[in-house]
Every structure is written in structure tokens, then in C-alpha cells.
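Beneath this line is the structure, given in C-alpha cells, with notes to follow.
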Amino acid sequence: MPVVDLTVDRNLLCPNFDGYKLSFDTVPVLRQSFQRNPLKLEPHVNQYSLLHVELFAKHNLLFSDPWSRHNSYYINTAHELVLCSYDELRGQPRDQRVVYKMQLNDHGDGHEHLVGDYNYSLRFISEKYCVVCDGKLSYHLLETGDRMRNTQWQLVTRTQIQVDSLSRGFVLYDARLDIVQERKQISLVAGHVHRGEAAEKHVMQLIWSHWTLNPQTSANWKYEQCEQLETSGSLYYCAFEPRAESLIVCSNGQLQTQAAAQEQTKEQSNKATTPAYSWRQTEEHLLIDFAMAKDTSCKDYEIICSSSQALVKYQELALLQGKLYAAVEENQTSWNVEGDVLQLKLVKQMAEQWPQLLQSEEGPKELEMEQQELPETEPDRLPIPNLEDPIEDCDFPLATAEQDIKMVRFNHCCSEITHTIFMGNAPPLFASSLRAGYPAAFVTRQGVDAAVWLQSYQPSKPGAWGVRHEGNLHAFGYVQASKQQRKFIDCCPQMDYAVIAESYRHVFIYKPRYDSAGGLRNRNGPQVVIGKQNLVTLDDDLGEVLGLVTATNVITLLTEHAVVYLQV
């Protein structure tokens, strides 16, 4: 499998950048109220996993139009899609306007959202089309017409995301329009947090589907589900490549197909029907062997043994639990890993043969010893470390495979992962749409800087894929790390500034291309370049920040009680 490297373009770096200077220049703040508050749904008490928290807390409820960056949209409590527009020539916001009222089907809920449903999500796919996911069960394809004019949007088609599924609650991660074999194709990927059967933990399911329209044979859009993927980790980036033959996913969990997940579940269920362990004995010792599952390590097991009790757990599954037949030496219990077997060694207090391992007569029968002699003496133990020595970097434990963050390219034609980017333990800082109709860029921390990356795709070479360094936000990787209350992070399409919005009150704006520090120079070095930092404090009565959209010279914020425009 090819490994793609994040190769930094040194021409985009600024070695003489000397940080940001706090500016006391006033940032004009324009406030615009609305008749109905934005619709924001909260998770149910049963939606307690980290995936649910990230899904609801980090959801941007203000949607940007890549073809018209000064237009943004939100959905209010009356399920109306409202346009917020900024007039660049006058420097004033236009009046808000309802462009469409959502048509909701009755799925036994009385046309209303239930507690636990996801928030609305929206993606623009061309100058005249957009896709809305209602957060419940359905996609809505809307024809917008010319969005620069006062036109009312029309419903083209509506379909259920998963026809033969009882799952409820979806979020739209990406959608794009392509012309494939002279037919229009709208590719869609939606996410749903599902409680997995394999390890009794929550996983993120990704449903990959598409609409197709062949004007020569039919005027109706045909919906078809292509693939279903899932990952047990957090989802940091999810976007199609051009032509939507592959899906790019960044997560700290393993990405696999539904068939592979079902096969893994089947293997684990088969293992549950077989004995979880086998044991052997001599007059002085006990050997208990546990077959380790694939892609697991000893860190996934919990071992607690006393003189009379034994407990061995794999994740939340108890493999061995109960009172031993007789007493053992508690301080001489040891374990080791040999291949794919975890072996637990116990030393009996009295030299005798046990008729069974546990007093309850549960578990498998004893295996015969296969001419293996146990060592009479314990192996040499490592010396006790000196705790007064200074801690070095090598003293910290390495991250496990589940904690490693990878960005993978999953190809639909071959139904497998074709390319991988290893990102260590640092997830992307944020994703942003820089160009209309092109996949979203992702931003990673490179030293103190933040590097902006775009997919590099050649239609003539569909098997080749990579990313290129598109831009650089000087020292932004360092400054964003100090903002512990950050909620939304973004940059404008030209990368002239970056913005960090907290949940309440504070907005930080960073302009790396600002000043030459008044001609100051480092000793025997080039002229110093500094950036400009602005701090905007919002009014107390605005409430929580629910969404953020950036444009060339304006930042639009959606709050609980008003829309705010920051002129930058």
C-alpha cells in the first residue's frame, strides 16, 4: 500500500516571521437580529459516547456557499432555510430572506424531530443545486436557481438514506456533482453513530450513496447505496476526491467495510462459543493460556489475581473469573506473551494436583502437559529504576495503534484502501473549502506553522493520488494550541487571515501578512515580519456561537440570538 508523505513546500514558509502583535484597532461588528432563532438539537441521554459529543458540539450550523462566499444559510425553529447575505460594495448586510421551507415526512414522529435526532446539514454541489440532510432519515435535493437573485428554491427529489434500516439520525459530511459517462451523478456520504456488536462500543458508520440522472432514458433521479464503511475512532476529515471514485477519511480508528466488520463480529462470536482459555498444571505450578484476538496487544487485557481469586478481562469481556480451587502465591503470579497466546503463570501454595481450576467447576478441562518443564528459577528481573533520574522522551510510552491517526483513501472500484498518510498523534486542525467544486482542504500543524493541504488528483492517472502544500499560516499551529476554549477554526479562501471562535464572547483573528515590523531586523539577518492579532469581544446577550463562515473581508457568526458580521 503506497504511503503518501506530507512534503512541505519551502517556498511557502517564512523563516523571518516573528509572531503576532496584538492590535488595538477596532474591528467593526455589525449585528442583525432574526425573527426566529436557529434550530439547535441536543443529544439524548443515551447518546453519551465521545462520537456523539463531537457530532453535536462541533457541528457548524451556518452553511457557506462556495460559489458566493458572502452568502451563508441557517435553518430556524420553523424549519425554514434562511439566507444571510453581506453586500461587499456597501459594507452592510442585506435583509435576511427565507428561501425554502423544509418538507418533512411523517415517520411516526408527527413531522417533528425527536430527542436524539441530529441537526440539519447542507452542502452546495453546483451553482444551481444543493443537498440537505434533515438529520433524521432523508436527503433533500433542492434546485436553487441563480442564488444571486431573489428566487425561491424548489424540491427536485427526496429519498431515505437507508431504505432497509431502522437507524435514525444522520449527518451529511460531503456531497459533489460529477458528469460520469454523460450522466449527472451526485455522490453523498453521511454519518451515523451506531453501537457496534463486536466490542459493545460505538462506531461511526459512513453510508456512501449516489443519485444518477440519465436525461436520455428518464427525468427522475435514481438513488443507490454504494458502500457502507465504519470506524471506531473520531472522524476528523471526510471528503470525496474529484469524480468521487474514492473517499478520503481521516480518523484515529481503523476504517473497514461493513462486510469486514460483520466478518470480525462473526469471528468474535465463534470465539465466544469456544473455551476462552486452556490450562495445564504440575504439582507446583499452573499455566493458563488465552488466545489473543487479531490486532490486539497485552494492553487490551486486564489481569487481577489474588491468593484465592482470578480475573482476566479482554476489554469488557471476562475471560476468566471466579474463586480458585486452592490458594496460590499472590506475589509470584506472572504473565507473558508468546506469539498470539497470553500465558498466565500461578504458583501453588501447596504442592498437589488440582482436579479443577475453579471451585465452581466451570470452564474447560485440564490439558495434558506436553513434556514441557517449567523453569525452576525466575528469570533475572530488570533493576529497579532510579526515580530521581530526569525523565527523557524515550521514557514515555509509545502510542498504540488505535491512537495513531491516519488519513486513508478508500477506492470504491477495488473496495479497499489504496493510499495512507500517517499523521502521528496530531489530528488535522480544521478543514476548509478554498475553491468551489473542489474537495475541502485540510490543515495540519507543521512545527509552529499550520500547513494547508489540497488533494492532488490526475484524471489520466486514477491510481495515483497525493496531496500538495497549498498555503501556510505562519505560527498559527502554535497560537491555536494555546486556545483551550476554541470551538470553530477557519481561514478565508485566500488564506489572508485565520479565525478562532470560542463558544462564548471571544473571537481571535490572525493576519500573518500584515507588517514588516517597522524595518526591524535580526542581528546579521533579514528584515523581521510580524503578523496582526485582533481580539473581538461579543456582547453578553448574543449567547452561544453556533456557526462560523469566512469570506474575503468579512466573518459571519451565527449565535443564539443574532447574526454577527465582523469586518476584517
Side-chain angles (χ1 to χ4, degrees), residues 27-34 37-41 54-76 81-86 88 93 96 119-124 171-174 236-237 239 427-434 436 440-443 450 452 473 476 479-480 483-511 533-539 542-568:
V27 176
V29 179
L30 306 179
R31 176 170 174 168
Q32 187 180 49
S33 60
F34 32 62
N37 293 336
L39 176 64
K40 182 191 177 186
L41 302 177
E54 294 175 341
L55 189 66
F56 281 88
K58 297 182 179 180
H59 194 106
N60 193 340
L61 299 181
L62 188 64
F63 310 105
S64 173
D65 184 355
W67 281 266
S68 179
R69 298 290 299 201
H70 291 88
N71 290 352
S72 55
Y73 301 82
Y74 71 92
I75 294 179
N76 60 22
L81 190 56
V82 183
L83 166 64
C84 302
S85 181
Y86 179 80
E88 188 177 6
Q96 297 182 22
N119 287 285
Y120 280 96
S121 48
L122 182 150
R123 290 293 183 274
F124 290 94
V171 58
L172 178 62
Y173 281 112
D174 195 21
Y236 304 111
Y237 180 85
L429 303 181
F430 63 94
S432 180
S433 176
L434 301 183
F442 64 94
V443 182
V452 184
L473 302 174
F476 187 73
V479 298
Q480 65 84 30
K483 304 297 183 291
Q484 298 297 324
Q485 304 299 324
R486 60 186 183 274
K487 183 175 182 180
F488 298 115
I489 309 178
D490 204 350
C491 66
C492 71
Q494 296 77 19
M495 289 170 280
D496 291 333
Y497 68 86
V499 57
I500 300 176
E502 296 183 349
S503 299
Y504 296 91
R505 300 290 317 265
H506 296 140
V507 179
F508 303 88
I509 305 171
Y510 298 90
K511 298 180 179 179
Q533 173 190 352
N534 290 102
L535 171 60
V536 179
T537 302
L538 305 177
D539 295 335
L542 288 175
E544 182 183 0
V545 177
L546 304 179
L548 180 145
V549 166
T550 60
T552 304
N553 55 0
V554 65
I555 300 172
T556 306
L557 295 175
L558 177 68
T559 67
E560 289 183 285
H561 304 295
V563 178
V564 179
Y565 300 87
L566 308 181
Q567 296 177 333
V568 296

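For clarity, every value in this text was computed on a predicted model and none was experimentally measured. Quick note: residue numbers are just sequence positions, from 1.
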Point-to-point distance, once rounded to the nearest 0.5 Å, from [atom1] of [X] to [atom2] of [Y]:
X	Y	atom1	atom2	result
Y73	T556	OH	OG1	12.0 Å
R486	Q480	CZ	CD	4.5 Å
L566	N553	CG	CG	11.5 Å
F124	F63	CZ	CZ	9.5 Å
L542	L558	CG	CG	10.5 Å
F56	L41	CZ	CG	7.0 Å

Which residues pass the ring pair (Phe, Tyr, Trp, His ring centres under 6.0 Å) test with [X], sequence neighbours left out?
X	value
Y510	Y20, F476
Y497	none
F508	none

side-chain contact (heavy atoms from CB on, under 4.5 Å), that's the test. Do H506 and L535 meet it? Break it down for me. CA-CA 7 Å; H506 296 140; L535 171 60; 4.2 Å; yes
Apply side-chain contact (heavy atoms from CB on, under 4.5 Å) to V568 and K511, showing your working. CA-CA 9 Å; V568 296; K511 298 180 179 179; 4.3 Å; yes
With side chains defined as the heavy atoms from C-beta onward, is the minimum distance between [X] and [Y] less than 4.5 Å?
X	Y	value
L546	L62	no
F34	C84	no
V27	Q567	no
P38	L61	no
I75	L81	yes
V545	F488	yes
V171	N119	no

Please find the pair of heavy atoms, one from [X] and one from [Y], that lie closest to each other, and give the distance.
X	Y	result
C492	T550	CA-OG1, 3.7 Å
Y237	A440	OH-O, 2.5 Å
S432	C491	OG-O, 3.6 Å
V549	S72	CG2-CB, 4.2 Å
P93	Y565	CB-CE1, 3.4 Å
E560	G543	OE1-CA, 3.3 Å

For atom CD of Q485, decide whether the heavy atoms of other residues, nucleotides or ligands shown that lie under 6.0 angstrom number more than 12.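 12 or below, so no.
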For Q96 and Y74, run side-chain hydrogen bond (donor to acceptor under 3.5 Å, both in side chains): C-alpha distance rounded to whole Å, both residues' side-chain angles, the deciding distance at 0.1 Å, then the answer. CA-CA 10 Å; Q96 297 182 22; Y74 71 92; 2.8 Å; yes
Taking only residues two or more places apart in sequence or in another chain, which ones pass salt bridge (Lys or Arg N to Asp or Glu O under 4.0 Å) with R505?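 Residues passing salt bridge (Lys or Arg N to Asp or Glu O under 4.0 Å) with R505: D540.
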Return the set of residues passing salt bridge (Lys or Arg N to Asp or Glu O under 4.0 Å) with E544 (not counting sequence neighbours), or none when no residue passes.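 With sequence neighbours excluded, E544 shows a salt bridge (Lys or Arg N to Asp or Glu O under 4.0 Å) to K40, K487, given in chain and number order.
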From the list V563, L538, L557, D539, side chain to side chain contact (heavy atoms under 4.5 Å, CB included) partner of R31 resolves to D539
Is there any salt bridge (charged side-chain N to carboxylate O under 4.0 Å, His left out) pair reaching into residues 54-71, and which pairs are they, with sequence neighbours excluded?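 Checked against salt bridge (charged side-chain N to carboxylate O under 4.0 Å, His left out) - neighbours excluded - the pairs reaching residues 54-71 are D65-R147.
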